[in-house]
Amino acid sequence: MTRFIKNVILFVIAVVVIALAVTNRHTVSLSLNPFDPQDPRLTIPDIPLFWVMFASLCVGVVVGGLGAWAKQGRWRKEARVKRREADKWHKEADQLRDMQASAQPASGVKGLAGPDTRSAA
């Protein structure tokens with residue numbers, strides 16, 4: 001069901017994107033110098049308007065993703081610390097298991113030896 005909903009949403013987005021591309025296909029000049037818009041060195045002539053819109057949308061997505069990634073740095077650091085601590089404790093548990101296995105008697109009898117049958121009197 002979620003796959004169907006996802007496909008419907010993607011279809012609607014595709015229709016909107018195609019409609020934007022068709023209605024905004026006229027060419028514009030993109031000036032990257034806000035102080036002198038007539039400067040030919042920093043002007044991109046005859047670029048379709050929908051390319052400008054989609055490029056700005058993509059730049060916004062990338063900047064937003066980088067911002068979210070930077071904000072979550074604290075949680076990634078905490079996860080690394082917890083992972084190292086868990087690895088340390090797992091390694092210690094394995095060492096204790098190995099020590100216990102090597103300390104057991106070879107006779108297959110588990111536990112402590114029974115008391116002597118001698119009496120104190």
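The residues of the chain are indexed from 1 along the displayed sequence.
- Cluster membership check: Phe54 shares its hydrophobic cluster with Leu32, using side-chain heavy-atom separations under 4.5 Å among Ile, Leu, Val, Met, Phe, Trp and Tyr.
- The same ILVMFWY cluster, assembled from side-chain heavy atoms under 4.5 Å apart, contains both Ile5 and Ile13.
- With rounding to the nearest 0.5 angstrom, the CG atom of Leu57 is 14.0 Å from the CZ atom of Phe50.
- Here the NE2-CZ distance, from His90 to Arg83, works out to 12.0 Å after rounding to the nearest 0.5 Å.
- Hydrophobic clustering of Ile, Leu, Val, Met, Phe, Trp and Tyr side chains at less than 4.5 Å, counting indirect connections, keeps Ile18 apart from Met53.
- In this structure, the side chains of Lys6 and Leu10 come closer than 4.5 Å at one or more pairs of heavy atoms.
- Asn7 CG to Arg3 CZ: the interatomic distance, rounded to the nearest 0.5 Å, is 6.5 Å.
- A heavy-atom distance below 4.5 Å is not found between the side chains of Thr43 and Leu30.
- Of all non-hydrogen atoms in Pro45 and Ser29, the two that sit nearest each other are CA-OG, 3.8 Å.
- Atom CZ of Arg76 has more than 12 neighbouring heavy atoms from other residues, nucleotides or ligands inside a 6.0 Å radius.
- Neither Trp51 nor Val22 shares a network with the other; the hydrophobic side chains, linked directly or stepwise wherever heavy atoms of I, L, V, M, F, W or Y lie under 4.5 Å apart, form separate groups for each.
- Rounded to the nearest 0.5 Å, atoms CZ (Arg84) and CZ (Arg80) are 6.5 Å apart.
- Following chains of ILVMFWY side-chain contacts shorter than 4.5 Å, one cannot reach Val17 starting from Phe11, and the two form parts of different hydrophobic clusters.
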**Report entry** Asp94 vs Lys91, salt bridge (Lys or Arg N to Asp or Glu O under 4.0 Å): CA-CA, chis, key distance, verdict
**Finding:** CA-CA 5 Å; Asp94 291 341; Lys91 188 182 296 184; over 6 Å; no
